[in-house]
Amino acid sequence: MSKQDLSVIEQDIEALYLGNLKTVEFDLDLPTSGANGSSITWSSSDERYLESNGKVHVLAYGKGKRDVILTGHFSYGEESLEKEYLVTVLEEANKIKVEKIYPIDVDAQCGKMVNLPTVAIVVTDEHKTISHSVKWDDGDTQCFDKLGDVEVHGVLLDTKIDVVANIHVVEKIENKQEIQERVVEDFNKKDVDLLDGSAFKEAQDRMLEVLLAQDDDQMLYNFRAASGLDTKDAPQMIGWDTPDSKLRGHTTGHYLSALALCYAATGNEKIKEKAVYMIEELAKCQEAFGKLGTCHKGFLSAYDETQFDLLEKFTPYPEIWAPYYTLHKIMAGLLDCFEYVGIKEAYNIVDQLGDWVYARLSRLDNKTLKKMWGTYIAGEFGGMNESMAKLYQLSKKPEHLAAAKLFDNDRLFYPMIRKIDAIGGMHANQHIPQVIGAMKIYEAGNDRKYYEIAKYFWNIVTKAHIYAIGGTGETEMFHQPNRIGALLSDNTAESCASYNMLKLTKELFLYEPKASYMDYYERAMQNHILSSLEKRPTGASTYFMPLRPGGRKSFDVENSCCHGTGLENHFRYGDAIYHYGKDCVYVNLFLSSKVTYQGVEIIQHVDETKPQDVHIEVNGKGDFALKIRVPYWCHGEYQVNMNDKIETVSMDKDGYIQIQKQWNNDHVHIVFGISYELEQTPDRPEIMSLRYGPYVLAALSDEQDYLNLALKKDNLSSVMKQKDHTCEFYDEADGLTFVPIHTTDKQAYHVYFKLA
């Protein structure tokens, strides 16, 4: 060791001043040599915000500041030392320029407290419609003691821009609401089976293999460690669930749901045993938490209550990471194990957790709650409102439904109530689960506004924010309506977002069984969810579905959010194939499967190389209607054969053909019209995708720029040729092979292209 060399380094470290690192918003000047001649190199703990060369990337307004560790590596002669510097990178200032603020009108009952909207709907000078926080002069909750109209004033947060709310003070607020009744019901998951020979069944089988191989004690590791129990020498979790991750525990929640859904779909007894073991051990963890003396009664997680405490102080990400998001996954998994596996202890655990949630949140005021839920990432709560509403339907405790409503998020809900698309700039998968929760709150309490929120949200997303494959969001974010062609990258269509959009779609369908809901469901399930799983039984899933030219899927196993939903996805294929109503069965999706209704077995056979050709066997006797969706891609062209005789059957207003008869071992053969179709992107019509019936086709090519193809709308049928008995298609004009996107694995592909 050379003391002289070390002394030079120590003097250079002491002499080096990088400026005020607590409020960094400009690039840092990082020297490569010290005052006394030492050599310096630099590394950053997070290159997204601070690069190793000192370049700073301030965060967008509303996303908070970030702490980054900048490490200086000093060397001189034979010696070297490291010095860490804590750098706080700021968010950019609010530079909003307002073109318009939508009027704010609030009805208030005289003498009673009323919560004002904590956001205003703003149109910026760039013609972007967004939801922006408001600071009201006299607070978010006010009381008015005189009848008539009153103006309340405030400003857009972090600006001096005035906002006015018109308060209509009345003697009594009439609450007359039209109740939307549930029209159809889900089949018991155990009554729907996928048949061999389909890509869906193959995906389900691969995931069954993955779950059977999973080490349950590894999934319990963080829970046992946090509650002071023996971890039984299990391996630690990886990725987003490592023992030092602030999101640890979320994957275990998904795993519980996957086990429950898998058991319902397959009836595999080993899967049931695993689910029972997980619940028994989590019950021990919950009991152990109660004995620690540092957590409140009923608490259960893979860490203690510290993150929840910090959230109430508005601590930003990444100092904390979405504690209620993780809690939702745990609660959802427990509820699924009770519903689908019948494990009573799962209900006992989640019931206590629900009490804990209400006790924690009910003591907070409206302003605190709204600020928490509006905090970027840290305040993300998944579908906590969904789980609390589902729990209420089991427990009948008013506190559980009240807790569900405490998660109301003005930033999302207020524009939906006003029927204004202001989701641009919002994190897609942070907000879709909140809308599912709105539907569950409606189901539990018949408050019409929650139904309207969900229905309007679904309409704007599916009409103006989805890619051809049914996925939504780019870099996890919603953008302005109809921005599709300009946002084709490696980071398109987060898998979690489609997982949740399908859940929302099915919930809405129960109340309005229209073909349009299942048209979207088919598009996203067939082309995104089925595409997201690796072809080997690794359990790896896509996070994003790349849609740029020459994109390639990347499959991860690092316990990301999309890996978690990926554990569940492939046991949900039976969720919406069939529904039943009063004396009728809906056939919504066309894949080889069977279901039993009133003792009658209904079996579908679909050859995936001919998706237009659907055979339905009705085995047994019964008097009911078979309602079969007319898919969007057939354009109303179809032929129905009943026992080899052509039948004339018309389509109803909801998009279904109805066959009403006394069934007696009958065979229905439907042939839908099918064709190749080009779909233009709304913002860049020169960029388009190609479909064959329900299949979004991908051109296999390593080219990194847009392909310029000779295809035209009027020559598709003559240029495109399907290879016999396969799902491969050949473009004779361009010499390219196209395949359905769900069949691709790791090869490069083009979903979008240009025409020559």
Side-chain angles (χ1 to χ4, degrees), residues 48 57 59-63 92 123-131 376-377 412 415 420-432 457-502 520 523-524 527-529 531-532 542-554 560-562 678-691 696-699 701 703-709 741 744 748-755:
R48 293 175 297 175
H57 301 278
L59 288 91
Y61 171 74
K63 293 189 176 181
E92 65 183 0
V123 180
T124 71
D125 64 336
E126 298 176 319
H127 308 299
K128 294 180 178 180
T129 302
I130 62 171
S131 184
Y376 178 71
I377 293 184
L412 174 64
I420 298 169
D421 183 348
I423 62 175
M426 294 188 191
H427 186 287
N429 195 55
Q430 179 173 347
H431 293 91
I432 304 169
F457 177 87
W458 186 90
N459 279 323
I460 61 173
V461 171
T462 59
K463 287 179 171 58
H465 294 273
I466 64 165
Y467 295 99
I469 62 171
T472 188
E474 195 269 344
T475 57
E476 301 188 2
M477 307 298 288
F478 284 125
H479 297 270
Q480 291 299 303
N482 296 313
R483 292 269 293 166
I484 301 298
L487 295 169
L488 297 173
S489 71
D490 278 328
N491 302 319
T492 40
E494 183 185 2
S495 295
C496 281
S498 288
Y499 159 93
N500 279 309
M501 280 300 296
L502 292 184
Y520 169 75
R523 183 186 285 265
N527 298 294
H528 191 187
I529 297 301
S531 296
S532 65
T542 60
Y543 193 112
F544 296 114
M545 187 66 65
L547 293 175
R548 69 166 176 83
R552 295 175 187 265
K553 297 176 188 176
S554 176
S560 67
C561 54
C562 293
L678 294 169
E679 292 184 344
Q680 297 176 313
T681 60
D683 53 330
R684 296 186 61 182
E686 75 278 12
I687 296 175
M688 54 194 66
S689 60
L690 177 64
R691 246 191 328 96
V696 172
L697 300 182
S701 170
E703 176 61 52
Q704 297 296 297
D705 293 326
Y706 281 105
L707 299 173
N708 286 282
L709 305 185
I741 180 68
T744 61
Y749 59 80
H750 292 244
V751 166
Y752 288 93
F753 47 82
K754 297 180 179 180
L755 298 188

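Using modelled atom types, one side-chain atom of His750 and one backbone atom of Gly550 make a donor-acceptor pair closer than 3.5 Å. At distances below 3.5 Å, at least one donor-acceptor pair connects side-chain atoms of His431 with backbone N or O atoms of His427. A donor-acceptor pair under 3.5 Å is formed between the side chain of Lys553 and the backbone N or O of Thr744. Between the side chain of His528 and the backbone N or O of Ala493 there is at least one donor-acceptor pair closer than 3.5 Å. A donor-acceptor pair is defined here as one N or O able to donate and one able to accept, closer than 3.5 Å; such a pair exists between the side chain of Gln480 and the backbone of Thr129. Between the side chain of Thr475 and the main chain of Met477, no donor-acceptor pair closer than 3.5 Å is present. Formation of a donor-acceptor pair under 3.5 Å by the Thr492 side chain with backbone atoms of Met545 is found in this model. Judged by distance alone, with hydrogens and angles left aside, the side-chain atoms of Tyr749 form a donor-acceptor pair with the main-chain N or O of Pro546 at under 3.5 Å. Judged by distance alone, with hydrogens and angles left aside, the side-chain atoms of Asn491 form no donor-acceptor pair with the main-chain N or O of Phe544 at under 3.5 Å.
Contact of the Lys754 side chain with the Leu709 side chain is not registered, since no non-hydrogen atoms from C-beta on lie closer than 4.5 Å. Looking at Tyr520 and Met501, their side chains come closer than 4.5 Å, going by heavy atoms from C-beta outward. Counting only heavy atoms from C-beta outward, the side chains of Glu686 and Tyr706 never approach each other to under 4.5 Å. Taking 4.5 Å as the limit, some side-chain heavy atom of Met688 sits within range of a side-chain heavy atom of Phe753. Residues Pro481 and His465 form a side-chain contact, since some pair of their non-hydrogen atoms from C-beta on lies under 4.5 Å apart. Glu474 places a side-chain heavy atom less than 4.5 Å from the side chain of Tyr467. Arg48 places none of its side-chain heavy atoms less than 4.5 Å from the side chain of His57. With contacts defined as side-chain heavy-atom distances shorter than 4.5 Å, the pair Pro549/Glu703 does not qualify.
Residues that satisfy the side chain to side chain donor-acceptor pair (under 3.5 Å) test with Asn527, not counting sequence neighbours, are absent from this structure. In terms of the side chain to side chain donor-acceptor pair (under 3.5 Å) criterion, residue partners of Tyr61 (sequence neighbours excluded) are, by chain and number, Asp158. By the side chain to side chain donor-acceptor pair (under 3.5 Å) test, Tyr543 is found to be paired with Glu476, residues two or more places apart in sequence or in another chain being considered.
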Give the C-alpha distance, both sets of side-chain angles, the deciding distance and a yes or no for side-chain contact (heavy atoms from CB on, under 4.5 Å) between Val461 and Ile432.
CA-CA 10 Å; Val461 171; Ile432 304 169; 5.9 Å; no
Verify side-chain contact (heavy atoms from CB on, under 4.5 Å) between Leu502 and Ile529, making sure each step is shown before the conclusion.
CA-CA 10 Å; Leu502 292 184; Ile529 297 301; 3.7 Å; yes
Candidate pair Tyr752 and Ile484, rule side-chain contact (heavy atoms from CB on, under 4.5 Å), full reasoning:
CA-CA 11 Å; Tyr752 288 93; Ile484 301 298; 4.0 Å; yes
Candidate pair Ser689 and Leu678, rule side-chain contact (heavy atoms from CB on, under 4.5 Å), full reasoning
CA-CA 6 Å; Ser689 60; Leu678 294 169; over 6 Å; no
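Shown here for Leu488 and Leu547, the closest heavy-atom pair between the two residues is CB-O, 3.8 Å. Contact record, Ala698 with Ile741: CB-CD1, 4.2 Å, taken as the closest heavy-atom pair. Scanning all heavy atoms of the two residues, the minimum distance from Gly471 to Ser498 falls at CA-OG, 3.4 Å. Shown here for Leu707 and Ser701, the closest heavy-atom pair between the two residues is CD2-OG, 3.9 Å. Closest heavy-atom contact between Ala468 and Arg523: O-NH1, 2.8 Å.
Within the model, atoms OG1 of Thr681 and CZ of Arg483 stand 10.5 Å from one another, a figure rounded to the nearest 0.5 Å. Between the CG atom in Leu697 and the CG atom in Leu690 there is a gap of 4.5 Å [rounded to 0.5 Å]. Asp683 contributes atom CG, which lies 7.0 Å from atom CG of Leu487 (distance to the nearest 0.5 angstrom). Between atom CD1 of residue Ile130 and atom CG of residue Asp421 there is a gap of 12.5 Å, rounded to the nearest 0.5 Å. Here the CD atom belonging to Glu494 is positioned 10.0 Å from the OG1 atom belonging to Thr472, to the nearest 0.5 angstrom. A distance of 9.0 Å separates CG of Asp490 from OG of Ser554, quoted to the nearest 0.5 Å.
No side-chain N or O of Ser532 forms a donor-acceptor pair with one of Thr542 less than 3.5 Å apart.
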